[in-house]
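Side-chain atoms are counted along with the backbone in the values below, which use heavy atoms only and exclude waters and symmetry mates.
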Amino acid sequence: MRPLAPLPPARRLLALAASSALALGCVAVTPYAEVRHRLPAANLLEVDGRSVYVERAGAGEPLILLHGFGGSSFTWRRVAEELAGSYRVVAPDLNGFGFSERPRRAADYTVAGQLALILGVMDRLGIESAHVAGHSYGGALAVHLAWRRPERVRSLILVDSAGADYPWKRRHLGAFVRPVASAFVRMLGLSRERVRKSLERSIFDDRLVTTELVEAYFERLSIEGVGTAYWGLSKPTREPRARIPVEELDLPVLLVWGAEDTLIGPEVGRRVAERLPRAEFVELPATGHIPPEEKPEELARRIARFLAGTAGD
């Protein structure tokens with residue numbers, strides 16, 4: 001018998017991680033049929049043949065709220081409540097997150113796939129164009145949406161936004177093998193303790209990271225398909241990396257940043273604001289990476305003031 005060829009170093013590490021994970025056990029995930037059964041039917045839209053969870057409130061000009069990586073529409077709940085008195089607020093759960101059904105195709109987790117979900121939600125709700133707010137990863141998607149489909153975006157609100165290239169930068173070879181990537185996230189990558197630590201790294205005041213908050217984020221991640229979602233969001237992709245000249249984004253843009261954001265510092269937002277032709281930059285004191293959780297009322301006031309100023313655009 002010929003000896004087996006040695007595995008490449010990256011594959012050896014993945015195999016070691018998977019075998020270690022098997023010894024530790026696997027986090028329980030909720031079947032999607034069970035999740036769907038307990039959700040209000042009004043919050044579910046069928047987009048491209050699957051269920052997409054969408055929070056909706058208010059009336060007026062439409063405002064789309066896009067959450068960050070690891071978050072969901074839940075992140076925007078208090079901001080949405082504040083703004084629903086004046087705007088038609090729509091907050092979808094993106095592919096791989098929240099209470100939306102996890103697709104199995106890797107293409108759905110690319111930028112193009114996420115934009116198709118956002119546009120699909122807008123089309124289902126009869127929204128031709130909207131103001132679009134994005135937090136972190138959602139901010140990167142909002143910029144791509146404004147660049148690729150400018151007729152659908154009236155203005156941009158970027159909250160501690162990731163760069164436009166973040167959806168590509170976070171991908172790595174370690175997630176290339178689907179079964180191993182799925183095993184890793186279910187056995188090592190996902191737990192309440194990891195969710196807590198992630199929130200504590202992101203939020204300036206640790207007292208806000210309560211057991212209830214951790215459970216709410218964990219519940220929306222530990223859903224059937226989480227392994228596939230991690231694989232789809234993390235494996236290398238052939239999707240061309242778009243280069244967006246922000247100087248050519250000719251629309252009103254509000255950038256809001258937590259002064260104590262250690263993940264994406266406020267200096268990043270200032271530099272981007274200087275390049276945008278019609279931008280306003282606001283820094284929130286004693287705030288980290290997630291202003292919708294930390295300063296929802298103040299963030300809502302800033303957004304409302306900005307949107308009021310765009311009325312003539």
Side-chain angles (χ1 to χ4, degrees), residues 35 39 43 52-58 63-84 87 89-100 102 114 117-118 121 130-143 145 156-162 166-167 170 190 192 194-223 226 229 233 254-258 260-264 269 284 287-304:
V35 172
L39 295 174
N43 290 99
V52 174
Y53 183 83
V54 183
E55 286 283 355
R56 292 184 280 169
L63 169 63
I64 309 294
L65 303 177
L66 304 177
H67 61 80
F69 203 90
S72 67
S73 55
F74 177 80
T75 306
W76 287 105
R77 65 199 180 282
R78 288 181 289 173
V79 175
E81 184 179 354
E82 294 286 330
L83 293 171
Y87 296 94
V89 180
V90 177
D93 285 347
L94 298 168
N95 285 328
F97 303 102
F99 292 140
S100 287
R102 276 50 168 171
Q114 299 286 20
L117 178 144
I118 297 163
V121 168
H131 304 286
V132 180
H135 168 245
S136 196
Y137 172 67
L141 296 176
V143 169
L145 183 63
L156 279 178
I157 300 108
L158 304 178
V159 182
D160 294 70
S161 178
Y166 172 74
R170 71 167 312 280
L190 180 62
R192 289 174 176 81
R194 281 184 177 269
V195 170
R196 175 179 291 278
K197 288 180 179 178
S198 178
L199 288 169
E200 288 175 346
R201 285 195 299 270
S202 302
I203 292 176
F204 178 66
D205 184 353
D206 285 352
R207 293 175 297 178
L208 297 176
V209 184
T210 62
T211 300
E212 292 75 18
L213 188 69
V214 171
E215 188 61 31
Y217 275 80
F218 179 77
E219 177 190 17
R220 288 162 174 80
L221 288 170
S222 55
I223 290 174
V226 61
L233 289 160
L254 172 67
L255 299 96
V256 183
W257 237 267
E260 305 299 332
D261 186 348
T262 58
L263 300 180
I264 308 174
L284 302 182
T287 308
H289 183 64
I290 317 181
E293 288 287 1
E294 302 175 73
K295 298 286 180 64
E297 293 84 4
E298 184 174 355
L299 177 58
R301 284 196 299 271
R302 298 284 189 173
I303 291 174

Item to check | Side-chain touch L233/R170, heavy atoms, less than 4.5 angstrom | outcome: yes

Item to check | Polar side-chain atom of E55 near backbone of P92 as donor-acceptor pair, under 3.5 Å | outcome: no

Next on the checklist: With rounding to the nearest 0.5 angstrom, report the CG to CD distance, L141 to Q114.
Outcome noted: 5.5 Å

Next on the checklist: Between I223 and R102, is the side chain to side chain contact (heavy atoms under 4.5 Å, CB included) condition met? List the steps.
Outcome noted: CA-CA 8 Å; I223 290 174; R102 276 50 168 171; 4.1 Å; yes

Checklist entry - Under 3.5 Å, side chain of W257 to main-chain N/O of I264, donor-acceptor pair present? => result yes

Next on the checklist: H67 and ring-ring contact (aromatic ring centres under 6.0 Å, His included): which single residue from Y53, F97, W76 fits?
Outcome noted: F97

Checklist entry - Does a donor on one side chain sit under 3.5 Å from an acceptor on the other, for D93 and S73? => result yes

Next on the checklist: Counting C-beta onward and ignoring hydrogens, is there a side-chain heavy-atom pair between L208 and L199 closer than 4.5 Å?
Outcome noted: no

Item to check | Test item: L190 and V226 side chains (from C-beta on) under 4.5 Å apart, heavy atoms | outcome: yes

Next on the checklist: Check whether S222 reaches the backbone of F218 with its side chain - one donor and one acceptor, N or O, closer than 3.5 Å.
Outcome noted: yes

Checklist outcome for this item: In short, S72 meets G98 closest at the heavy-atom pair CB-CA, 3.7 Å

Next on the checklist: For S161, is there any backbone N or O sitting under 3.5 Å from a side-chain donor or acceptor partner on H135?
Outcome noted: no

Next on the checklist: Ignoring hydrogens, what is the shortest heavy-atom contact between L255 and G269? Give both atom names and the distance.
Outcome noted: CD2-O, 3.7 Å

Item to check | Donor-acceptor side-chain pairing of T262 and H289 below 3.5 angstrom | outcome: no

Checklist entry - Under 4.5 Å between any side-chain heavy atoms of I157 and V132, yes or no? => result no

Checklist entry - Would R220 count as a cation-pi partner of F74, with NZ or CZ less than 6.0 Å from the six-membered ring centre and within 45° of the ring normal? => result yes

Checklist entry - Judged by atom type as modelled, is there a donor-acceptor pair below 3.5 Å linking the side chain of S202 to the main-chain atoms of S198? => result yes

Item to check | Beyond-backbone contact of L66 with Y137, side-chain heavy atoms, under 4.5 angstrom | outcome: no

Next on the checklist: Looking at E293 and R78, is there a salt bridge between them, counting it only when a charged N and a carboxylate O are closer than 4.0 Å?
Outcome noted: yes

Checklist entry - Which residue, K295, E294, E298, E260, forms the side-chain hydrogen bond (donor to acceptor under 3.5 Å, both in side chains) with T287? => result K295

Checklist outcome for this item: Between A80 and V89, the two heavy atoms sitting closest are CB-CG1, 3.8 Å

Next on the checklist: Could you walk me through whether I64 and L145 satisfy the side chain to side chain contact (heavy atoms under 4.5 Å, CB included) test, starting with their C-alpha distance in whole Å, then the side-chain angles of each, then the deciding distance to 0.1 Å, before giving a yes or no?
Outcome noted: CA-CA 12 Å; I64 309 294; L145 183 63; over 6 Å; no

Checklist entry - What orientation do Y166 and F69 show, parallel under 30°, tilted 30 to 60°, or perpendicular over 60°? => result perpendicular

Item to check | Residue E81 excluded, over 12 heavy atoms near CD under 6.0 Å | outcome: no

Item to check | Donor-acceptor under 3.5 Å (R196 side chain, V209 main chain) | outcome: yes

Checklist entry - Is the side chain of D160 donor-acceptor paired with the backbone N or O of I290 at a distance under 3.5 Å, no angle test? => result no

Checklist entry - Would a 4.5 Å heavy-atom cut-off, applied to side chains only, mark L117 and L94 as touching? => result yes

Item to check | L63 side chain near V90 side chain, heavy-atom distance below 4.5 Å | outcome: no

Next on the checklist: How long is the straight-line distance from CG of D261 back to CZ of R201, given to the nearest 0.5 Å?
Outcome noted: 12.5 Å

Checklist entry - Are Y217 and T75 close enough, and set up right, to give a side chain to side chain contact (heavy atoms under 4.5 Å, CB included), and what steps lead you there? => result CA-CA 9 Å; Y217 275 80; T75 306; 3.0 Å; yes

Item to check | Close side-chain approach of L254 and L158, heavy atoms under 4.5 Å | outcome: no

Item to check | Test side chain to side chain contact (heavy atoms under 4.5 Å, CB included) applied to I118 and V121, step by step | outcome: CA-CA 5 Å; I118 297 163; V121 168; 5.9 Å; no

